[in-house]
Amino acid sequence: MSDNIEKAKQHFDALIKQQLERVEKLKAEVDWIDYSKLNPLIIGIIGGDGIGPEISKHAHMILRFLLKDEIEKSGIILRDINGLTIENRAKVNKAVPLEVLEEIKKCHVLLKGPTTTPRKGDKWPNIESANVALRRALDLFANVRPIQIPEKEINWIFFRENTEGTYLLGSKGINVTENLSIDFKVITSQGAHRIIELAFEYAHKNGINKVSVVTKANVVKATDGKFLAIAQQVADKYPDIELDDWYIDIITAKLIDPLRQSKFKIFVAPNLYGDIITDEAAQIQGGVGTAGSANIGKRYAMFEAIHGSAPRMIDEGREKYADPSSLLRAIVMMLEHVGYIDKARKLEKALDICTLYEKKIIITGRSDGATGKEFAEYVINTLKKPSLETLWNFFH
Ligand code: IPM
Ligand code: MG
């Protein structure tokens, strides 16, 4: 027994040292990359696995259509990044194979299809999630997820901390004895500050006077307590913005409360709480297949669907019915992030028309609905319409 305790102590000791070093790195000020200065801008497209390659194919086609001129003039390069499949990751027993990571790092922004995350008992080795590893490796600290439901006047944007919390050491927990397992949750002042600051800055720039912070600080005292305390510090710098303080359990309920829903605007939360409420929010919007997700860092940014690789759809041979909307919403966020605002708005309007208003083609994920290809063609045809703007205004 004392052997186990000794081993656990050493393990913890090493983790603390690594995290203290990480804090020192976080203290270094890094400037945001300026996309307007890049020529060419390199967009990496990662197909992923499960339904990933299928929906990525459609996303790729639409992106190529939107950026045709820039690609022809070599101002933008669309580059396929292969090898981030579960088979390949399992083979080398790594969340992200090193040579794939090298290729990824040669790009500026990434559009990523879902990747399978194995768990204990799966047919795959229990390697870490590729998402989690990439977010950490590229320091993509902000997971930004917008949700809109016009008829309910819901306009939410979630700022989920994306590198720390229960995720940072999620694969570094210890089984002290057969009966005792311990995981670690990490919040640093610097890590909390940068995401909360981003949320407040967004509120400030968009004239929104409230930021809702989500924790369980009444129970998880050290880490969530720190997150909330930092939120209070940041809020003090923005006297016009109210800090609206919620616990994860009650906010989960209030998101579906018709009397309150539309009052929320901006949320900021540690990693796991953000993970949970953004799936809930996406479901309220119409399903996890409808929401896009941006992983933003100062040097890299990665845009993806909010959902996973849907292995069940593959097993049942339904991949061609998978909805590419979430990845297309991710493209909107990507174009906006790199400064192609007009193109982002154009695609957003086409998507709104196709998925919220006109809905000429419906995807159900099954053979009673349209295929992803049919839907992608519907989007392209809508994009091509000279009357796109008028049509959108008509519905809006
Ligand atoms: C998400 C996903 C990931 C997460 C999984 C795939 C590891 O659920 O992007 O929300 O938990 O962050
Ligand atoms: Mg999730």
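On a predicted model such as this, the values are computed, not experimentally measured, just so you know. Start at 1 and go down the list; that is how both ligands and their atoms are numbered.
Protein N/O/S atoms found under 2.8 Å from the Mg ion (ligand 2), listed by chain and residue number: D275 OD1.
For the residue pair E304 and N131, a side-chain donor N or O sits within less than 3.5 Å of a side-chain acceptor on the partner. Residues E72 and S74 have side chains that never bring a donor and an acceptor to within less than 3.5 angstrom of each other. No donor-acceptor contact under 3.5 angstrom links the side chains of T115 and R89, judged on distance only.
Around the CZ atom of F12, the shell of radius 6.0 Å holds no more than 12 heavy atoms that belong to other residues, nucleotides or ligands.
Only one option out of R136, K94, R119 pairs with E128 in a salt bridge (charged side-chain N to carboxylate O under 4.0 Å, His left out); it is R136.
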Could you go through ligand 1 and note, for every N or O atom, any protein N or O atom closer than 3.5 angstrom, writing the atom names and distance to 0.1 Å, or 'none'?
| unit_1 | atom_1 | unit_2 | atom_2 | d |
| --- | --- | --- | --- | --- |
| ligand 1 | 8 (O) | D275 | OD1 | 3.3 |
| ligand 1 | 9 (O) | R135 | NH2 | 2.7 |
| ligand 1 | 9 (O) | R145 | NH2 | 2.8 |
| ligand 1 | 10 (O) | R145 | NH1 | 3.1 |
| ligand 1 | 10 (O) | R145 | NH2 | 3.1 |
| ligand 1 | 10 (O) | R160 | NH1 | 3.2 |
| ligand 1 | 10 (O) | D275 | OD1 | 2.8 |
| ligand 1 | 11 (O) | Y167 | OH | 2.6 |
| ligand 1 | 11 (O) | D275 | OD1 | 3.4 |
| ligand 1 | 12 (O) | R135 | NH1 | 2.7 |
| ligand 1 | 12 (O) | R160 | NH1 | 3.3 |
| ligand 1 | 12 (O) | R160 | NH2 | 2.8 |

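Of all the heavy atoms in H108 and P40, the pair that sits closest is CE1-O, 3.5 Å.
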**OP:** Would you please test S387 and E389 for side-chain hydrogen bond (donor to acceptor under 3.5 Å, both in side chains) and show each step?
**Re:** CA-CA 6 Å; S387 58; E389 196 74 23; over 6 Å; no
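A distance-only check finds a donor-acceptor pair linking the side chain of K298 to the backbone of V30 [under 3.5 Å]. Side chain of D122 to backbone of W124: no donor-acceptor contact under 3.5 angstrom is found.
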